[in-house]
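Letters A, B, ... are given to chains in the order of the sequence lines, protein chains preceding strands, and every chain is numbered from 1. Computed over heavy atoms, backbone and side chain alike; hydrogens, waters and symmetry mates excluded.
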2 protein chains.
Amino acid sequence: MTESEKKLLEAKTQVLKALAHPVRLWMAEQLAEGEKCVCEMVEPLGLDFSTVSKHLSVMKQAGIVADDKRGKQVFYTLKVPCILNFMGCVEAVLENSAKEQACLLGK
Amino acid sequence: MTESEKKLLEAKTQVLKALAHPVRLWMAEQLAEGEKCVCEMVEPLGLDFSTVSKHLSVMKQAGIVADDKRGKQVFYTLKVPCILNFMGCVEAVLENSAKEQACLLGK
DNA sequence: TGTATATTTGGCAAAATAGCCAAATGATGA
DNA sequence: TCATCATTTGGCTATTTTGCCAAATATACA
């Protein structure tokens with residue numbers, strides 16, 4: 001593996017990591033429906049404001065979301081909706097696993 | 001957020017986490033080209049046999065690979081090729097970020 | 001200018017993850 | 001059966017990630 005292949009791999013990984021957390025995945029799903037400000041996400045998540053902000057900054061760093069400051073609030077949008085197409089695949093994995101589980105139990 | 005929504009979110013996250021590591025992503029890409037035994041991946045990665053095995057077990061647990069023991073070797077296959085469609089989206093994110101970076105530097 | 005509101009940043013402790021080594025398991029063939 | 005090879009598991013430390021608190025920033029408005 002060359003150094004540049006390694007670099008590319010790390011870069012891709014960073015994007016994946018930005019989604020690979022329950023809070024951030026939830027945020028991505030929320031943002032898929034339209035922009036939201038930080039304050040709108042704090043309460044449903046039941047987390048500290050600073051924690052929510054940090055999660056959003058991880059996603060921003062990864063290039064998945066964009067922020068837009070308007071007045072006192074900051075609105076986030078999903079930059080790459082194709083990310084959510086992927087969730088169909090992830091759900092297929094889960095259904096598959098559930099089926100296998102059921103099959104094992106049936107024996 | 002209900003308890004079952006939380007459960008679903010965690011399950012999806014587990015699938016994403018299984019890909020969100022350079023070593024595991026590399027493995028997934030390799031397996032996309034066809035089955036491989038553990039021993040074939042150890043050397044290119046330059047990691048301990050046990051480390052490679054553990055990474056594969058994370059992916060197996062997540063339901064994205066299957067293992068098949070034949071003789072002394074264990075062969076792994078990618079169960080869900082749609083996972084790699086997603087990488088197109090991830091690459092789009094990276095290109096986007098690169099473009100923005102270039103734009104900022106150009107100013 | 002001062003105050004209140006929304007958000008980010010720095011710092012810290014707790015939890016999760018990664019990778020190595022050594023030991024255990026499992027299959028093959030002498 | 002014994003020795004060997006491929007792999008997995010257990011256990012340990014080092015690193016990374018998470019989430020809270022407190023403090024800093026930024027904006028609007030009195």
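Residue B:Lys17 places at least one side-chain N or O under 4.0 Å from the OP1 or OP2 atom of C:dT17. A sub-4.0 Å separation between OP1 or OP2 of C:dT17 and a side-chain N or O of B:His55 is absent. Distances shorter than 4.0 Å separate none of the side-chain N or O atoms of B:Thr51 from OP1 or OP2 on C:dG19.
Across all strands, B:Lys60 comes closer than 4.0 Å to no nucleic acid atom at all (heavy-atom distances). Residue B:Tyr76 is in sugar-phosphate contact alone, with no base atom involved, counting any heavy-atom pair closer than 4.0 Å across all strands shown. Here B:Lys54 lies in heavy-atom contact (under 4.0 Å) with a base. Here A:Ser57 lies out of heavy-atom contact (under 4.0 Å) with every strand. Using a 4.0 Å heavy-atom criterion, one finds that B:Arg24 contacts the sugar-phosphate atoms exclusively.
Taking atom CG on B:Asp48 and atom P on D:dC12, their separation rounds to 17 Å, with Å as the unit. B:His21 has its NE2 atom 17 Å from the P atom of C:dA16, to the nearest Å. When rounded to the nearest whole Å, the span between CG of B:Leu16 and C1' of C:dA16 equals 17 Å. Rounded to a whole Å, the CZ atom of A:Phe49 is 18 Å from the P atom of D:dA23. Atom NZ of A:Lys69 is separated from atom C1' of C:dT7 by 6 Å (rounded to the nearest Å). One interatomic measurement links the two molecules: CZ of B:Phe75 to C1' of C:dA27, which rounds to 14 Å at whole-angstrom precision. Computed from coordinates, the B:Leu45 CG to C:dC20 C1' distance equals 15 Å when rounded to whole Å. Computed from coordinates, the B:Met41 CE to C:dG19 P distance equals 15 Å when rounded to whole Å.
Ring planes of B:His55 and B:His21: tilted class, angle from 30 to 60°.
Annotation: side chain of B:Cys89 is not in contact with side chain of A:Asn85 (no heavy-atom distance under 4.5 Å). Taking the side chain as every heavy atom from C-beta outward, A:Glu100 and B:Lys79 approach each other to under 4.5 Å.
The base of C:dG29 lies outside donor-acceptor range of the side chain of B:Lys72, with no N or O pair under 3.5 Å.
The side chain of A:Ser53 has C:dT9 as its nearest neighbour among C:dT9, D:dT7, C:dC21.
Judged as a salt bridge (charged side-chain N to carboxylate O under 4.0 Å, His left out), the pairs with a partner in residues 32-54 of chain B (not counting sequence neighbours) are, in order, B:Glu35-B:Arg70.
Nearer to the 5' terminus of DNA chain C, by closest-nucleotide assignment, is the contact made by A:Leu56 (compared with the other of A:Leu56 and B:Val58).
Each of A:Thr13, A:Val15, A:Leu19, A:Ile83 was evaluated against B:Val90; a single residue qualifies, A:Val15, per the side chain to side chain contact (heavy atoms under 4.5 Å, CB included) test.
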